[in-house]
S.K.: 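The structure that follows is given in the form of structure tokens.
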Protein chains: 2
Amino acid sequence: MPAAAASTLPEPAAPAFSPLYQQIKSLLVRSLQGGEWAPGQVIPSEVELAARFRVSQGTVRKAIDELATENVLVRRQGKGTFVATHAEQSTQFRFLRLTPDDGSAPALRRRLLDCRRMRAPPEVARRLGLKTGEAAVQVRRLLLAAAAGDEPRPVVLDDLWLPGPQFKGLTAERLQAWQGPLYRLFEAEFAVHMIRAEEKIRAVAAAADEAELLAVPAGAPLLLVERLSYT
Amino acid sequence: MPAAAASTLPEPAAPAFSPLYQQIKSLLVRSLQGGEWAPGQVIPSEVELAARFRVSQGTVRKAIDELATENVLVRRQGKGTFVATHAEQSTQFRFLRLTPDDGSAPALRRRLLDCRRMRAPPEVARRLGLKTGEAAVQVRRLLLAAAAGDEPRPVVLDDLWLPGPQFKGLTAERLQAWQGPLYRLFEAEFAVHMIRAEEKIRAVAAAADEAELLAVPAGAPLLLVERLSYT
DNA sequence: TAGTGGTCTAGACCACATC
DNA sequence: ATGTGGTCTAGACCACTAA
């Protein structure tokens, strides 16, 4: 079939021109987000997907290729293509990889400290594109790393600000009960899908309250990671 | 030509089986390292390369694809494929982007502090793959940022360790006289081409000597960027 | 043996840049 | 008009995995 066949296909709600394989990629992502294929599970074979979408195997392959290089999917020769599971693991730092000095990979535990609804401070309002005085939700969490045999040690203080209007029903109880990654909750309950994030890194001295929570002396050097996520 | 043609081709010093496109990729990298195509210049078209290597355009394309996703090459539709040059701009922090808090882009100046040849300390020897006691070159530089109208302020202390054997003629005088990016000097004089780098980031408190050089109080929080470059 | 992804080829047309 | 990379297809064979 000639390449021109692309224009004879129905284009499923594609706003503008985009390569077929990009459209396929979007459809795959949508299925992944929709939970059609669970993490760790196989997705249909390339030929199956090609048949489903009415494109050639090569086009499906290119879409899968990109998702594989993005570590969203994992290919295993002879077995199939699987939904990546390590991306789910480290909810935190999906974009910045966090490793202990010795290179080991301890188990991370989360502890919810706080979840309050309040008027957004000016700085936060600006970053989130809220009007000053509009509601925002502040979530504070502590991440504890437990090396083998050691007791958990606090390593990350997570300060999260969410735009109030889009997170109406979010309460401490809801958060407390949720076990999986936060962004999964956001997707499931609030239809909020994170697409992209910018991170800035600074070195700061620990403030008194931060020092106490992290069990370090006040003034100890800390990494401040400022992450702004877009939906 | 069927796929089996791959086995009829001469395999140029390939130690073991590897996909044709990977071999092509290696050849391209070798040409890049050898300086056959200079940064910013066009490389031959896909069809030309396909003819040169006796493979199909698609195979060359896949090799170039990977080099493009690695930011070694840049494709420009209708014009050709170019050797990436974005490395030239910001000598410093090719992999980590460094920006002032206010987002402006001040001019960076370099000041050479030190250039000594010495026995590599154990830690450095390990990282550089040297035998303990083998020679290493330590280069220390200060980067000063001059915002418009302000006097230059030291912002980065650059501590550089080089394997001695590969940098025989490197002296403080040679460094002092050199104006361009360091890696340019390395390429021109020592045939050393940086391909890849790993960076780790920590927050540390300023030691006494570092604090003095950077004009901050001792113990002030600093970002420690540990970069290991591969050739 | 059958099915999967992995590689390779060949040829078509499109979009862009240049002359 | 020509040449470049960009997309898409179709079909071949290979390597791995599992029943």
Side-chain angles (χ1 to χ4, degrees), chain A residues 1-11 14 16-28 37 40-69 71-84, chain B residues 1-11 14 16-28 37 40-69 71-84:
Chain A
M1 198 188 288
S7 58
T8 70
L9 289 174
E11 305 204 356
F17 272 129
S18 84
L20 245 191
Y21 76 91
Q22 287 285 3
Q23 299 177 36
I24 303 299
K25 188 181 167 187
S26 297
L27 293 175
L28 292 177
W37 309 306
Q41 296 308 110
V42 220
I43 71 172
S45 76
E46 294 181 352
V47 283
E48 267 181 87
L49 290 172
R52 177 199 293 197
F53 297 133
R54 310 303 221 53
V55 298
S56 80
Q57 187 190 1
T59 302
V60 170
R61 180 179 294 271
K62 185 151 187 182
I64 293 180
D65 273 347
E66 294 206 348
L67 291 172
T69 63
N71 291 318
V72 176
L73 296 177
V74 177
R75 327 186 75 144
R76 294 192 204 287
Q77 185 173 113
K79 301 182 75 173
T81 301
F82 297 75
V83 182
Chain B
M1 200 188 290
S7 58
T8 70
L9 288 175
E11 304 203 355
F17 273 127
S18 84
L20 245 191
Y21 76 91
Q22 287 285 4
Q23 300 177 35
I24 303 298
K25 188 181 167 187
S26 297
L27 293 175
L28 292 177
W37 309 305
Q41 296 308 111
V42 220
I43 71 173
S45 75
E46 293 182 353
V47 283
E48 266 181 88
L49 291 172
R52 176 197 295 197
F53 298 131
R54 311 303 224 53
V55 298
S56 80
Q57 188 190 1
T59 302
V60 170
R61 180 179 294 272
K62 185 150 187 182
I64 293 181
D65 273 347
E66 294 206 349
L67 290 172
T69 63
N71 290 319
V72 176
L73 296 178
V74 178
R75 326 187 76 145
R76 294 192 202 288
Q77 186 172 114
K79 300 182 75 173
T81 301
F82 297 75
V83 182

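Just so we're on the same page: letters track the sequence lines, and every chain starts at 1.
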S.K.: For A:D65 and D:dG6, what is the distance between atoms CG and P respectively, to the nearest whole Å?
M.R.: 15 Å
S.K.: Give a yes/no answer on whether the side chain of A:Y21 brings an N or O atom under 4.0 Å of OP1 or OP2 in D:dC8.
M.R.: no
S.K.: If the cut-off is 4.0 Å, is A:K79 near the phosphate of D:dA18, judged by side-chain N/O to OP1 or OP2?
M.R.: yes
S.K.: Rounded to the nearest Å, what distance is computed from the CG atom of residue A:L20 to the C1' atom of nucleotide D:dT9?
M.R.: 11 Å
S.K.: Rounded off to whole Å, could you give me the CD-to-P distance for the B:Q57 and D:dG3 pair?
M.R.: 14 Å
S.K.: Whole Å only: how far is the CZ atom of A:R54 from the C1' atom of D:dC8?
M.R.: 16 Å
S.K.: If you take atom types as modelled and just measure distance, does the side chain of A:R61 reach the base of C:dG5 with a donor-acceptor pair under 3.5 Å?
M.R.: no
S.K.: Could you tell me whether the phosphate oxygens of D:dG6, OP1 or OP2, come under 4.0 Å of any side-chain nitrogen or oxygen in B:R75?
M.R.: yes
S.K.: So, does A:S45 get its side chain near the phosphate of C:dG3, meaning an N or O under 4.0 Å from OP1 or OP2?
M.R.: no
S.K.: Taking only side-chain nitrogens and oxygens of A:K62, does any of them come within less than 4.0 Å of OP1 or OP2 of D:dC8?
M.R.: no
S.K.: Please report, rounded to the nearest Å, how far the P atom of D:dT7 is from the CD1 atom of B:I64.
M.R.: 14 Å
S.K.: Tell me whether the OP1 or OP2 atom of C:dG5 has a side-chain N or O from A:T81 closer than 4.0 Å.
M.R.: yes
S.K.: Please tell me which of the listed nucleotides, C:dT7, D:dC8, C:dT18, lies nearest to the side chain of A:P19?
M.R.: D:dC8
S.K.: Please report the interatomic distance CD(A:E66) to CG(A:L28), rounded to the nearest 0.5 Å.
M.R.: 11.0 Å
S.K.: Closest-nucleotide mapping onto DNA chain D: is B:P44 or A:G78 further toward the 5' terminus? I mean the 5' end.
M.R.: B:P44
S.K.: Under 4.0 Å, heavy atoms only, any strand: does A:E46 hit a base, just the sugar-phosphate, or nothing?
M.R.: sugar-phosphate
